[in-house]
Structures are given as C-alpha cells and as structure tokens.
2 protein chains.
Amino acid sequence: MKNGSQDGKQMNILLVEDDKTIAAGLEYSLQQDQFSTILCHDSASAKKVLEKEYQTLDLCLFDLSLPDGSGYELCKMVKQKKDIPVIFLTALDDEVNVVMGLDMGADDYITKPFRIRELISRIKSVLRRYHKYTQTNTVIDLNGIKIFTLEGKVFKNNEEIMLTALEYRLLLIFANHKGQVLSRNQLLEQIWDVAGDFVNDNTLTVYIKRLREKLEDHPQQPVIIKTVRGLGYKVGD
Amino acid sequence: MKNGSQDGKQMNILLVEDDKTIAAGLEYSLQQDQFSTILCHDSASAKKVLEKEYQTLDLCLFDLSLPDGSGYELCKMVKQKKDIPVIFLTALDDEVNVVMGLDMGADDYITKPFRIRELISRIKSVLRRYHKYTQTNTVIDLNGIKIFTLEGKVFKNNEEIMLTALEYRLLLIFANHKGQVLSRNQLLEQIWDVAGDFVNDNTLTVYIKRLREKLEDHPQQPVIIKTVRGLGYKVGD
DNA sequence: CAGAATCATTTCACAATGCGAACAATTTAT
DNA sequence: ATAAATTGTTCGCATTGTGAAATGATTCTG
C-alpha cells in the first residue's frame with residue numbers, strides 16, 4: 001500500500017490548495033504513502049515554486065478554484081516547463097469546466113469531497129500511465145530474437161515474425177522473466193488471469209509449440225524456449 | 001422490449017396506487033420490464049418511503065386521487081427533495097385537474113383505463129428526456145480513456161475522440177459495468193432493446209472492432225476492451 | 001541390465017469462436 | 001436532391017482451445 005514511488009524513485013508532488021484543513025490532511029496522507037510533497041496555499045507562491053523547482057517535480061495536484069487565480073494558469077505553466085501529469089481537485093459546481101481543464105492538458109480530476117484512497121489510487125494510475133508513454137522503446141533480446149515492446153513487433157534475423165496476440169503475450173512473459181523457470185500454472189495464470197481451473201492445461205503446451213515453430217530454427221531441438229522437465233519452461237541464460 | 005434502464009442502470013420507481021388490483025398488475029408489469037419498484041397503497045406510507053429512500057428513486061408514479069390525501073402533495077414533496085420525474089395516473093373525471101398537476105411539476109399523466117404498454121413507453125420517454133438534461137456530469141476513466149457523460153465526449157491523452165452514437169452507447173455500457181464480463185447477448189439487448197433475434201450477432205463484433213480502432217493503441221492487442229473467449233467482453237480491472 | 005509400466009511432453013487435426021474487409025442500407029446533413 | 005456519415009450484413013479467414021494419439025523420459029521390477 002505504501003509506495004509513492006516509480007522504479008524506486010520517490011515521487012515529488014506539488015500540492016496547491018487554499019483550504020488549509022484539506023491541504024494539511026492531504027499532505028499527511030501523501031507523505032504516509034511515501035510521496036514527498038511541496039505545499040502551497042495560493043497561486044502566487046505556487047508559481048514561485050514552479051519557477052525554481054520544476055525540474056524536481058513529478059506530479060501536480062491543483063485546486064481548480066484558487067483565491068488568487070484559477071488553477072488553469074498553473075496547469076498551463078507546468079505544461080510549458082515540463083511534461084508531468086496534473087490532477088485537478090474540484091468542487092461539484094466546477095464540473096462544467098472540467099473539459100476545459102483537460103483541454104489545458106490536465107490528466108485527471110477528482111471532485112470534492114473525495115476519499116483519500118481514491119485520490120491516491122488515481123495519482124498512482126496517472127503516474128503509471130505516464131511512465132508507460134514516456135517509456136523509450138524497449139528492445140528485449142532473447143537469443144537473437146528481438147522484441148520491440150512499444151510497437152509490439154518481433155524480429156528474427158531482421159525479419160519480422162508475425163505472432164498472434166496470445167503468442168505475443170506468452171513471449172512477453174518469458175521476456176520479462178529471462179532465465180527463470182516458469183511453471184505451467186504460473187504461465188496459465190498470467191495469460192488468462194485465472195488459475196488453471198478454466199483453461200485446459202494442454203492449451204499452454206500447444207502455444208509453446210506454436211511459438212517454437214515460429215521462433216526456433218529447429219523446433220524439435222529448441223534453443224530459445226527450453227523445457228525443464230517436471231518444472232516448466234525457461235527462456236534465456 | 002425489456003429494459004427499464006438508462007445506460008444500463010436499473011431504474012427505481014415509486015408506485016402509489018390505492019386500488020390493490022391495479023397496483024399489483026402494474027408492479028408486475030414494471031418488474032417484467034426490469035424496472036425495480038416500491039409499492040405504497042396510500043399517501044401516508046408513500047411519504048415515509050420518500051423521506052427515507054428519495055435518493056435511490058428515479059421516477060414516481062402517483063394515483064391522483066388517493067384516499068388519504070391528494071397526489072399533488074406527494075408531487076410537491078418529491079420535487080422539493082429531488083428532481084425526478086413524476087407521472088400521474090388519473091381517472092377520466094379527474095381530467096380537469098390535470099392542468100393543475102402539470103403546474104405542480106408533474107411530467108406526464110395518463111388516464112385510466114390505460115394500456116400497460118402505453119404507460120411503460122411513456123415512462124421510458126420521460127426518463128430519456130430527464131436524463132438528457134439532469135444527468136450529473138460523471139467522468140469515467142477506463143485505462144486512460146475519459147468519458148464525460150454530460151457532454152457525451154470521450155478523451156484519450158487529452159485529445160477528443162469522435163465516436164458515433166452507437167459506439168458511444170456501447171462504450172457507456174462497458175463503463176457502467178467496469179470489470180464485469182458482458183456477454184454478446186447482454187450487450188445486444190442493451191443496445192438494441194431486443195435479444196439477438198433481430199440483430200445480427202456479428203454486428204456487435206464489428207462495433208467492438210470500430211471502438212477498439214478508435215480507443216486502443218494497438219487494436220490487435222487490445223488493453224481496454226478485452227475479449228473473454230466464449231463469454232463476451234470486459235473492460236477495466 | 002532389459003523390458004515393462006508410468007508419467008510428462010509433444011504433435012496433430014478439428015471445431016468453435018472471433019475478426020475484419022468490403023459492401024448494402026439507412027439516416028443525416030447540405 | 002445529392003453527398004456524406006452512420007449503421008447493419010455477408011462471408012472468408014485467422015485465432016484459439018481441446019481431445020486423442022504419439023513420442024520420449026524416468027522409474028520400477030524381476
């Protein structure tokens with residue numbers, strides 16, 4: 001539950017909220033969750049912080065209706081400086097403006113009153129998504145098979161190999177666990193989101209075979225996807 | 001034919017009618033049509049229900065001439081508490097008073113004797129009208145796709161996505177059942193008000209495809225609208 | 001140690017299901 | 001009235017899941 005971090009790096013949140021009670025509560029909760037926070041109570045001081053500290057920030061949390069200026073301005077300013085997610089806190093009556101907020105580049109918004117848990121899960125979701133998009137194209141190499149995760153393409157000797165959706169998913173699971181032995185059940189669960197109760201155990205075997213046919217030079221003497229008898233399958237190393 | 005629902009949410013009707021035969025018949029028919037009902041036989045008990053349950057109600061159906069007090073009062077009470085539609089059931093001789101009822105804020109009235117089908121279609125029509133105007137602006141988030149129910153707009157990465165009416169309706173159904181697997185038939189029924197007898201089963205598939213083309217990053221490896229083979233489709237979680 | 005029995009894995013062939021291109025019909029806008 | 005967009009259908013192909021039989025490895029047994 002407690003991990004305001006992505007890939008181990010602690011996330012730094014700029015929080016701008018004029019109601020001091022709400023602000024304090026929020027700050028406390030965020031810090032409990034291992035986020036680090038910078039708190040401002042008005043638009044003016046927020047701007048100053050933005051000027052100085054924008055490099056260190058990872059996400060902004062703005063009250064939409066601040067006493068000395070709308071949160072829109074702040075949002076615009078942020079997006080000019082650095083491409084990080086912005087979430088708006090809004091009162092119910094502000095709702096009309098939400099679309100406008102999103103046009104401005106906001107990434108999510110949440111209406112007061114809100115449950116703190118909900119907010120935090122939204123924060124995490126936005127951060128996750130963001131990292132996905134900014135992610136550079138990862139290339140995974142498995143014994144000469146190259147996987148381009150961003151485009152979802154797979155190459156062997158510079159020739160693209162066409163995989164079906166499921167074959168690709170299976171391959172990705174192996175790619176993300178290079179060198180580990182994966183049991184049939186582990187694989188079944190990961191592919192079908194369900195324990196092996198619903199899906200035939202043999203189905204997996206068939207997919208392994210199909211993958212091997214497409215990837216291996218000699219499918220009968222597999223080099224890439226190796227079977228570990230009695231335990232499961234293994235890829236790499 | 002059978003769907004007392006708006007965008008998938010079941011509608012809850014408060015029915016007040018002193019003639020127990022009529023009341024029972026009505027209740028049965030409404031429930032057949034997937035409405036849920038609360039039945040009262042007099043004004044007093046109706047008031048109690050209103051006090052307690054008004055948040056959950058979506059529409060009221062009042063007999064105009066109740067034994068212990070006119071339906072007018074009830075109507076006034078409803079409108080004070082929550083802005084939901086009221087339909088009056090009247091005897092022929094009451095007609096004089098209908099104008100007054102409408103002044104009171106009633107949304108429609110129907111004279112006894114009436115055909116049940118007619119009543120139900122009026123109910124649906126009123127609900128449709130109402131929802132168009134009074135719906136609160138909900139923002140639903142599906143893996144980064146944001147739906148603004150009030151404006152009927154859909155955004156992806158802060159860019160508006162143009163959906164056709166049907167595509168939008170389909171998406172809304174998914175949005176209202178996040179995490180649930182919806183069978184083809186369930187979806188067909190909700191969209192076309194009819195079980196799969198009249199509409200080609202594959203039509204749905206085509207819409208799914210069109211939606212995915214607009215929403216997904218990689219339509220062939222869908223992340224948002226997932227296929228659950230043999231069961232249907234699923235969105236979210 | 002050979003051969004039998006047992007178990008895990010692989011292969012094959014098939015049926016069910018889902019997908020998508022292209023076309024036809026309908027509705028809506030101009 | 002014409003064009004454009006939306007909606008619905010048809011049909012062939014691809015994917016997916018499964019059962020049955022074949023293969024291969026490992027253990028048991030005399």
Side-chain angles (χ1 to χ4, degrees), chain A residues 152 154 160-173 181-216 218-235, chain B residues 152 154 161-174 181-216 218-235:
Chain A
V154 179
E160 183 171 0
I161 296 184
M162 300 309 292
L163 297 181
T164 71
L166 252 90
E167 286 162 0
Y168 180 73
R169 263 205 279 164
L170 180 56
L171 182 60
L172 255 201
I173 292 170
V181 177
L182 298 170
S183 76
R184 293 174 114 73
N185 266 333
Q186 280 177 308
L187 291 166
L188 281 174
E189 277 179 38
Q190 291 222 44
I191 296 190
W192 284 276
D193 296 350
V194 181
D197 303 330
F198 283 85
V199 192
N200 189 319
D201 174 73
N202 186 40
T203 302
L204 179 62
T205 314
V206 175
Y207 278 100
I208 298 281
K209 174 199 136 91
R210 286 172 184 164
L211 255 186
R212 279 178 177 158
E213 254 165 16
K214 295 191 182 182
L215 302 182
E216 305 270 1
H218 306 289
Q220 267 101 2
Q221 291 112 44
V223 177
I224 299 165
I225 306 178
K226 283 173 237 162
T227 56
V228 184
R229 183 159 254 264
L231 295 180
Y233 299 92
K234 195 182 92 160
V235 161
Chain B
V154 179
I161 294 184
M162 301 310 292
L163 297 181
T164 70
L166 251 91
E167 285 163 357
Y168 180 73
R169 260 205 282 163
L170 180 55
L171 182 60
L172 256 201
I173 293 171
F174 279 122
V181 177
L182 298 171
S183 76
R184 292 173 113 75
N185 266 333
Q186 279 177 307
L187 291 166
L188 282 173
E189 277 180 38
Q190 293 224 42
I191 296 190
W192 285 277
D193 295 357
V194 179
D197 305 328
F198 284 84
V199 192
N200 188 320
D201 174 74
N202 191 45
T203 302
L204 180 63
T205 313
V206 175
Y207 277 100
I208 297 279
K209 171 201 135 91
R210 286 172 183 163
L211 256 186
R212 293 217 257 232
E213 251 165 19
K214 295 190 182 182
L215 301 182
E216 304 269 0
H218 304 291
Q220 264 106 2
Q221 283 132 41
V223 176
I224 298 165
I225 306 179
K226 283 177 233 157
T227 324
V228 185
R229 185 160 246 260
L231 295 180
Y233 298 93
K234 195 182 91 159
V235 162

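Numbers restart at 1 for each chain; the letters A, B, ... are given by sequence-line order, proteins then strands.
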Starting at atom [atom1] of [X], determine the distance to atom [atom2] of [N], rounded to an integer number of angstrom.
X        : N      : atom1 : atom2 : value
B:Glu216 : C:dC19 : CD    : P     : 11 Å
B:Leu170 : D:dG8  : CG    : P     : 12 Å
B:Leu231 : C:dT17 : CG    : C1'   : 12 Å
A:Ile225 : C:dT10 : CD1   : P     : 10 Å
B:Glu213 : C:dG18 : CD    : P     : 19 Å
A:Arg212 : C:dT9  : CZ    : P     : 11 Å
B:Arg169 : D:dT6  : CZ    : P     : 15 Å
B:Ile208 : C:dC19 : CD1   : P     : 8 Å

Which pairs would a plain distance check flag for residues 220-234 of chain A, meaning a side-chain donor or acceptor within less than 3.5 Å of a matching protein atom at least two apart in sequence or in another chain?
residue: A:Tyr233; atom: OH; partner: A:Arg184; partner atom: NH1; Å: 3.2
residue: A:Lys234; atom: NZ; partner: A:Asp237; partner atom: O; Å: 3.3

Mind checking B:Tyr168 for me? I need base, sugar-phosphate or nothing, with any heavy atom below 4.0 Å counting as a touch.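 Nothing, no heavy atom under 4.0 Å.
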Would you say [X] reaches [N]'s phosphate, i.e. side-chain N/O to OP1/OP2 under 4.0 Å?
X        : N      : result
A:Gln220 : D:dT23 : no
B:Lys209 : C:dA21 : yes
B:Arg184 : C:dT17 : no

Side chain proximity check, B:Val235 to B:Leu182, heavy atoms < 4.5 angstrom: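 With C-beta onward as the side chain, the pair stays apart.
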Heavy atoms, side chains only, cut-off 4.5 Å: are B:Leu166 and B:Trp192 in contact? yes
Atom pair CD1 (A:Ile191) and CD1 (A:Ile173), whose distance is rounded to the nearest 0.5 Å: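 Separation between the atoms: 4.5 Å.
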Under the rule for side-chain contact (heavy atoms from CB on, under 4.5 Å), what residues qualify as partners of B:Glu167, not counting sequence neighbours?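 B:Glu167 satisfies side-chain contact (heavy atoms from CB on, under 4.5 Å) with B:Leu163, B:Thr164, B:Tyr207, B:Arg210, B:Leu211, B:Lys214 once adjacent residues are dropped.
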Checking A:Asn200 against A:Thr203: is there a side-chain donor and acceptor pair closer than 3.5 Å? no
What one-letter contact string describes nucleotides 12-21 of chain D from 5' to 3', where B marks a base within less than 4.0 Å of any protein heavy atom, S marks contact via sugar-phosphate atoms alone, and - marks no contact? ---BBBBBB-
